[in-house]
Amino acid sequence: MQLTVWTYEGPPHVGAMRVATGMTGVHYVLHAPQGDTYADLLFTMIERRDARPPVTYTTFQARDLGTDTAALLQDAIQDAYDRFQPQALLVGASCTAELIQDDPAGLAKALDLPIPVINLDLPSYQRKENWGAAETFYALVRTLADTTVERSPMAGRRPRANLLGPTALGFRHRDDVTEVTKLLGQLGVDVAVTAPMGASPADLARLGDADFNIVLYPEIADTAARWLEKTFGQPTVRTVPIGHGATSDFVREIAALTGIDAAPLLRSNPSRLPWYSRSVDSTYLTGKRVFIFGDATHAIAAARVAADELGFTVVGLGCYNREFAKPLREAAARCGVEALITDDYLAVEEAIAASACELVLGTQMERHIAKRLRVPCAVISAPVHVQDFPARYSPVMGFEGANVLFDTFVHPLVMGLEEHLLTMFRDDFEFNDAAGASHLPAAEAAAVIVPVAANDIEWTPAAEKELGKIPFFVRGKARRNTEKFASERGLVAIDLDTLYDAKSHYAR
Amino acid sequence: MTVAVLDRAADLPARLPPVLRERGQREVFCGLTGIVWLHRKIQDAFFLVVGSRTCAHLLQSAAGVMVFAEPRFATAIIEERDLAGLADANEELDRVVDRLLARRPEIKLLFLVGSCPSEVIKLDLSRAASRLDAKHGETRVLNYSGSGIETTFTQGEDACLAALVPEMPAAAPGAAPSLLVVGALPDVVEDQFRRLFADLGIPAVFTLPPRRAADLPPVGTNTRFLLAQPFLGDTAAALEDRGATHLPALFPFGVDGTTAWLRAAAAAFDIAPDHFDRVVAPGRARAARAIARHRDRLAGKTIFFFPDSQLEVPLARFLANELGMVPVEVATPYLHRAHLAADLAALPAGTQLVEGQDVDRQLDRVRAYRPDLAVCGLGLANPLEAAGIATKWSIELVFTPVHGFDQAGDLAELFARPLDRRDRLAV
Ligand code: SF4
Ligand code: SF4
């Protein structure tokens, strides 16, 4: 048993729901008790979907156990088919139904429906949401892709690519797909099928018709892409175009694959990020300590952008999906930090607190952690909340995505010139530093949990006064560092010397 | 006026409208959800769900925001190897509880909360609770089921409170009569009621649940209890088993409901009627004023209740009688006919009642009726709004203070706001 407070990923059937909900013409019959219907709200509330997910839950109760849960399931499958008339049906069990082993596959087969019925075997006690999505997408692709398609030679026509991986409830998937489709169009590449998002079972049948596949979200599409590679001999583009550099690499990879000349596009200053980063106001970004946590793909991409494109120092890098631990470890090694692979929220909180970072790039969870620690934060990965589905166009992929990332990483921080002004005027009697930076909301009166065991270390009045001269946005950190420094040395009081000794100790 | 409402309960059988029973797909949370408000109410209790990743995800999604780093609830997620044998599962559970209590020594009451998986694998949490209770002397360990195969949404609170009843100390045999208010109310509402009972002259007033585990109220034959919520059937039965007497009344929503509810207590404690009238008069006047502000917007509007919180019947009664709304369908997961007798009797004649759920059929009906307002769970709200039907999320009704005189206006406002919003928007 694993003691869990907050979870980064839902159960695997929620991953299956993300695939089914992203598609059209698919219905999912889930053998599950009534409480599991909560999952609908993830889609209707968080993502503001205007339709219910295409899911029928059997909602069996205790009194059904051992008598007719199987009949209930079979009726639900038939009713769902009659009512929703899908082109393909997914059937599966949630954690509870997995234990009662009603054999959804056999029951569905006995109904002899005139559409493909795909049984999902998603082991709830071993696996999680992303894995469930990947497995579901793979099962759909394997069942529905027409293996008899003959692809015409690429010569003499525009190349065609499939965009694989976007689902419902994905972080910025909607806008990423638009942006990448536009980028491919500029290169002269057509999108054959985008899936799962927006695809119907009939679209999946045409997957073999494309010249190559692009895996936008490896967590979801990698398994299916491997099968497509094997089955249709389609090459796979695996560079994830997040950030200016990665998008440029992505363009080059496609150019090499298709024989298209990408140089004009790359020369056209397609994103503002490089210049914004070189402009003088960005000087203050140099070496900002940033802690990054999310799904592996978004975390690795964010680390590259943070380090190479904004000049931050990555002081922590981690992901919650163990399946992708290897590439994340490699990225962390490149940054010179130890990889944090965990789905334990408290371990992440501890690591962030210990890192003395100045910015957190994370998920919805890290936003809460950062709020408590009073560190600025931007969300870069699922799981996300309603505010991370912005009304405006806001991709993180492609060249526009690079612009969005520049803004996303920089806005939580105090603006460059403003940082100097705050320092300059901090002793001015009219200046109230508690007001904070002008572009940030008034400081929230959140309870701050500062996990420093200050074993009764006293601040001398002079040191306390000096601490007050330090700008408010670093004061908490200065206080923590100094106390840590003092306690490590067994000091009982902090005077001016201790304060400055600590400052030089922690100076980078 | 109130007396008249109460009297109508007498001719209930003749007036009870026909109840349509439905059985199909439900779209409602399970009883685990109650943890979200119960853990705020009992401030030294911890709720440990023994369940799956789904259970943990439900709690997180229902709680909406994760304000607390370490809230006083968590899930012990059953993993593959726990399914190998019950001995292993029990051992694992003990280990998790040991670690948890070592980390949170301030916890005085630990609930092991059963889930569908723990029940299907027949993990006996009551035995586990007594075992762990004996082991951890400082912490009382109890158990109840919040599973979706046994409980819907608010029934989790019923199961939790029912588990507390055997723990309540016995009132001394000759103890003076005391009043027990049953149901988790926000502290602010509880305090308002306490002041009213004090002004009425009822000396000993207790609440279940208490704010601290050590303050479990005494119970005995001289205990009279009021239910603050309509979903507390098992708790009421357990209290009756211990000799307590239920004071039937309308539920305390709106002017009528709150007055009748308080009057039931006053009558049980022989409070003079004119004194009662004097004490409740200011609250009644304030509530009436606050409600009146929303009457124009709500009067004549049709309302459709999806089955969810079990508050549907008393709320429909309040909205119909005090705000002039027209309930076209009042569905509830479970209709406790005895506890709801007065509220049922006070519903407008012919109100369609539904017990249970078949969500697809209900959606067909709501589209056919096109009510002005539908009360539903979060999963259905946006799809209904997109279909042009204004909605009120039922979960707000259990998360916000809505009982009593001084919340009556807020309660009305919860229903008026979606309509107000529609009137304002020009997009
Ligand atoms: S319905 Fe059962 S399995 Fe689902 S969340 Fe509730 S207790 Fe857990
Ligand atoms: S962030 Fe990762 S590793 Fe660290 S320098 Fe590089 S690409 Fe750049």
Side-chain angles (χ1 to χ4, degrees), chain A residues 1-7 9-14 32-46 48-53 56-65 76 79 83 94-96 98-100 123-126 128-129 345-346 349 364-365 368-369 372 385 446 449, chain B residues 24-33 48 50-58 60-62 65-67 69-71 73-80 82-83 89 92-93 95-96 99-100 115-117 119-121 147-150 152 357 360 363 377-383 385-387:
Chain A
M1 279 179 203
Q2 193 199 358
L3 188 64
T4 305
V5 182
W6 307 115
T7 72
E9 291 184 77
H13 70 256
V14 168
Q34 60 189 349
D36 293 9
T37 61
Y38 81 88
D40 284 359
L41 80 87
L42 304 171
F43 300 90
T44 64
M45 295 302 291
I46 296 179
R48 301 181 207 252
R49 286 199 167 247
D50 61 4
R52 297 171 67 213
T56 295
Y57 305 83
T58 56
T59 62
F60 59 86
Q61 293 176 277
R63 60 164 185 253
D64 304 319
L65 290 177
D79 288 352
R83 179 176 275 268
S94 77
C95 50
T96 308
E98 187 182 330
L99 298 170
I100 58 180
S124 312
Y125 298 91
Q126 296 169 32
K128 290 180 278 190
E129 179 177 336
Y345 168 87
L346 296 174
E349 171 150 30
Q364 164 72 6
M365 314 287 186
H368 286 279
I369 294 171
R372 273 192 293 277
H385 210 52
I449 303 159
Chain B
Q25 185 192 316
R26 291 171 168 245
E27 177 86 19
V28 59
F29 291 149
C30 59
L32 295 185
T33 323
L48 180 65
V50 183
S52 63
R53 182 165 300 281
T54 316
C55 308
H57 204 229
L58 163 108
Q60 172 165 330
S61 309
V65 286
M66 299 168 291
V67 188
E70 281 194 80
F73 61 79
T75 307
I77 295 185
I78 298 171
E79 293 169 304
E80 189 72 7
D82 303 313
L83 299 173
E92 274 292 293
L93 178 58
R95 189 185 57 82
V96 165
R99 251 185 43 211
L100 173 70
S115 68
C116 307
E119 280 165 21
V120 170
I121 64 170
S147 83
I149 54 176
E150 296 281 2
T152 73
Q357 184 165 28
D360 287 317
L363 285 167
L378 293 173
L380 297 177
N382 266 335
E385 292 278 353

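Lettering of chains follows the sequences in order, A, B, ..., and the numbering in each one begins at 1.
Heavy-atom distances place both the backbone and the side chain of Thr152(B) under 4.5 Å from chain A. Leu32(B) does not touch chain A: none of its heavy atoms, backbone or side chain, sits under 4.5 Å away. Contact of Leu42(A) with chain B is made through the side chain alone, with heavy-atom distances under 4.5 Å. Looking at Ser94(A), there are no atoms closer than 4.5 Å to chain B (heavy atoms on both sides), in backbone or side chain. Contacts between Val120(B) and chain A at a heavy-atom distance below 4.5 Å involve the side chain alone, from C-beta outward.
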Under the criterion side-chain contact (heavy atoms from CB on, under 4.5 Å), I'd like the reasoning laid out for Tyr345(A) against Ile369(A): C-alpha separation, chi angles, the key distance, then a yes or no. CA-CA 9 Å; Tyr345(A) 168 87; Ile369(A) 294 171; 3.7 Å; yes
Stepwise side-chain contact (heavy atoms from CB on, under 4.5 Å) test for Met365(A) and Gln60(B): CA-CA 11 Å; Met365(A) 314 287 186; Gln60(B) 172 165 330; 3.2 Å; yes
Where do Glu129(A) and Arg53(B) land on the salt bridge (Lys or Arg N to Asp or Glu O under 4.0 Å) test, with the steps shown first? CA-CA 10 Å; Glu129(A) 179 177 336; Arg53(B) 182 165 300 281; over 6 Å; no
Would you sort out whether His57(B) and Tyr38(A) count as a ring pair (Phe, Tyr, Trp, His ring centres under 6.0 Å), showing the intermediate values? CA-CA 9 Å; His57(B) 204 229; Tyr38(A) 81 88; 5.6 Å; yes
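Under the rule for a side-chain hydrogen bond (donor to acceptor under 3.5 Å, both in side chains), the partners of Asp64(A) that lie at least two apart in sequence or sit in another chain are Arg23(B).
Defined by atom type and a distance below 3.5 Å, a donor-acceptor pair is missing between the side-chain atoms of Glu27(B) and Thr37(A).
Each of Met1(A), Gln61(A), His13(A) has some count of heavy-atom pairs under 4.5 Å with chain B, and the biggest count is that of Met1(A). Between chain A and the residues Val96(B), Leu363(B), Leu100(B), Ile78(B), the most heavy-atom pairs under 4.5 angstrom are made by Ile78(B). When each of Arg48(A), Arg83(A), Arg49(A) is checked for heavy-atom pairs under 4.5 Å with chain B, Arg83(A) comes out on top. Residue with the most contacts toward chain B among Ala51(A), Cys95(A), Pro11(A), Ala32(A): Pro11(A) (heavy-atom pairs, distance under 4.5 Å). Options Cys116(B), Gly51(B), Ala74(B) differ in how many heavy-atom pairs under 4.5 Å they form with chain A, and the most are formed by Cys116(B). Chosen from Asp82(B), Thr54(B), Leu380(B), Asn382(B), the residue pairing most often with chain A at heavy-atom distances under 4.5 Å is Thr54(B). Options Ala387(B), Ser115(B), Gly148(B) differ in how many heavy-atom pairs under 4.5 Å they form with chain A, and the most are formed by Gly148(B). For chain B, the option among Leu99(A), Ile100(A), Asp40(A), Thr44(A) with the highest count of heavy-atom pairs below 4.5 Å is Thr44(A).
Here the shortest heavy-atom pairing between Pro117(B) and Thr96(A) reads CD-OG1, 3.6 Å. The heavy-atom pair separating Val5(A) from Pro71(B) by the smallest distance is CG1-CD, 3.2 Å.
Classification of Asp36(A) and Arg26(B) as a salt-bridged pair fails, no side-chain N sitting under 4.0 Å from a carboxylate O.
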